[in-house]
Amino acid sequence: MTDSHSEFSSDVETHADSPGQDTDDAFGYYAAGAPIVDSKAPGGPIAERWSTRKFEARLVNPANRRKLSVIIVGTGLAGASAAATLGEAGYVVKSFCYQDSPRRAHSIAAQGGINAAKNYKEDGDSVHRLFYDTVKGGDYRSRESNVYRLAEVSVNIIDQCVAQGVPFAREYGGLLDNRSFGGVQVSRTFYARGQTGQQLLIGAYQALERQVAAGTVTTYTRHEMLEIIVAEGKARGIVARDMVTGEIQTHLADVVVLASGGYGNVFYLSTNAMGSNVTAAWRAHRKGAYMANPCYTQIHPTCIPVTGTHQSKLTLMSESLRNDGRIWVPKNKADCEKDPRDIPEEDRDYYLERIYPSFGNLVPRDIASRAAKYQCDDGRGVGPAVDGVRRGVYLDFADAIARLGRDTVEEKYGNLFDMYARITGEDPYEVPMRIYPAVHYVMGGLWVDYDLQSTIPGLYVTGEANFSDHGANRLGASALMQGLADGYFVLPHTIRDYLAEGPFEKIDESHPAVVEARRSVQERIAHFLSTNGTRSVDSYHRELGNIMWEYCGMERTEDGLKKAIDLIRTLTDDFWRNVKVLGTNESLNQSLEKAGRVADFLELGELMCIDALNRRESCGGHFRGESQTEDGEALRHDDQFAYVAAWEFVDGDAERAMGTPILHKEDLVYTAIEMKQRSYK
Ligand SMILES: Cc1cc2nc3c(=O)[nH]c(=O)nc-3n(C[C@H](O)[C@H](O)[C@H](O)COP(=O)(O)OP(=O)(O)OC[C@H]3O[C@@H](n4cnc5c(N)ncnc54)[C@H](O)[C@@H]3O)c2cc1C
């Protein structure tokens, strides 16, 4: 292993090095930087790489661990599992979250399940098949070494969680049950009814609290990290705001881990928890951590449709429902207003089963989402029209109820059906559900090497906050797997290699890096509270979300993305001059909290559009209108775009403006798998 990050040079090569004005849609929007030549993955056979890395990683003896400190931002599955494991190992851990309890992290919302290559069903599963499915599902835009490791440790996760008492569903004989998720033909998804995330998080939380009781972990709830401290080129701490008192605090450590979740709320409407945001990651990005593939967004096909402009949140209906539910629209536009139960079988179009006979209703999310959009664009959507278009398709359980009986369906999906009934006022046992795609997950995130270390030495990133494993499209039930793999099994090995360099030089509040970080936090807060403009923070967020959904959503085009960038720049400028934040810093102030998050979303939104503009190919969830096959499927261009786009932040001329970002490319090389055009037909 090399121990320096010197290859992360910010040297900007001349733009002539990248495609020219005629061939590069994003010409003029970015500068080309040096490529990333080493992701730190060991060589050798893919099945041995992780063992090699674990063996090579230096050890820290137990007595020294007590002298080394770790800050972990985030208590979702990725953060809680890491804090519990590192606490158990004996390090001094500080764990942060902005909720009132670690147990309220967004992970608790996860419904459907968690993948693992246990092959309990004896249906042909294996570590290699999970690896293959994940790389293929991600449309060959992920790093193969990372994905293989994920598949390899997946089996340990289930054992760990069962040992913690997580109540996974079981079959009659007592073995753990499995179901199928999209993009695969085996059953490898472990689940706890429709509450898998909640049960897994309770397991991780118990392990975390055990360490709190043991004195190795200290938790800081209602604390929001607003800045990272980088001293002598290394991550050494954070500046956090106590959200109840407004106190600005400095927390120092030897290493910092961000497990701060995803940024889907840049679209305003999404299935994410209302509080999910990009601030922790974006503050690190501004200080030197590259942001990778920011435009890769997952739009989930089975969500409750938007009903109007009053909404601030969308609700997911778990993908597990596609195991037994059948998706259809009326064949005839004239039937779209009819009661679906009055539409005879021959007048229904089970379009996924028709177009993709091998995978049927279990095609991956990106494909199912686009197919639903096409049906609705074609005028065959159902449900109430919003802005003149009916955006809904049926998810029908009539067949399943007839085949399995209502009791079995209720046992499997009861809480999801209840949730649907409460939100829509319709009984899904009687009338087919209506669903439509919604923003759900981001595959993009902070760039990390094989060790999960960012381009800032000493800053590690885990879970949804990093970009590492899912390429351009994540398969269902793989986010929980990745978060727990990172926290329980990967990070504890790789971070010790870094900590073995300790003890690190002590720094205190007088260090210039700390002074500067605190100053910038205080100035931002003072600015928001003194601007006294005319528009609410939410109105800016909603407008940004509309721009992102319209131009950087399910289909992206060169013209649309350029328009979006102009619109976002104008909106950002207005935001800084005209936002109105009520209240004070010295109390609970949600308007102030949101202002900081929306400021970061605005910059992220611009970068997402630049990233999408640069990638003139379609892959996974990134669908460029200019790059599709004759039958409307995503068309990749491996000769030009088989790379991770890692963006370096550049300051603008004013403190509150982004400069021209620098693009560093990490080539994706596949040795254990052949790149193919995806087909689920
Ligand atoms: C409705 C829904 C259902 C899902 N179902 C599934 C499923 O069935 N299977 C699956 O695999 N995936 C599922 N996913 C995806 C999965 O839930 C998430 O990707 C995953 O839980 C993210 O975990 P995480 O630990 O990375 O982040 P999170 O759980 O989002 O946790 C983020 C943590 O960071 C903290 N934080 C963030 N910023 C700051 C800051 N600035 N300061 C302090 N603390 C901060 C938060 O307080 C929180 O503790 C689902 C997602 C949604 C939206």
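From a predicted model like this one, the values you see are computed outputs, not experimental measurements. Whatever order the structure lists them in is the order used to number ligands and atoms, beginning at 1.
Residues Lys118 and Asp125 fail the side-chain proximity criterion, which asks for heavy atoms closer than 4.5 Å. Two residues are said to be in side-chain contact when any heavy atoms from C-beta on lie closer than 4.5 Å; Leu484 and Leu200 meet this criterion.
Applying the salt bridge (charged side-chain N to carboxylate O under 4.0 Å, His left out) definition to pairs two or more places apart or across chains, none involves residues 291-300. Among residue pairs with one or both ends in residues 236-257, those qualifying as salt bridge (charged side-chain N to carboxylate O under 4.0 Å, His left out) are Arg236-Asp254; sequence neighbours excluded.
A cation-pi contact, defined as under 6.0 Å to the ring centre and within 45° of the axis, links Arg149 to Tyr450.
Near ligand 1, residues Val73, Gly74, Thr75, Gly76, Leu77, Ala78, Phe96, Cys97, Tyr98, Gln99, Ala105, His106, Ser107, Ala109, Ala110, Gln111, Gly112, Gly113, His223, Glu224, Met225, Ala259, Ser260, Gly261, Thr271, Asn272, Ala280, Leu316, His440, Tyr441, Gly463, Glu464, Arg474, Ala477, Ser478, Ala479, Leu480 each place a heavy atom inside the 4.0 Å sphere around the ligand atoms.
Not counting sequence neighbours, Ser107 has no partner by the side chain to side chain donor-acceptor pair (under 3.5 Å) test.
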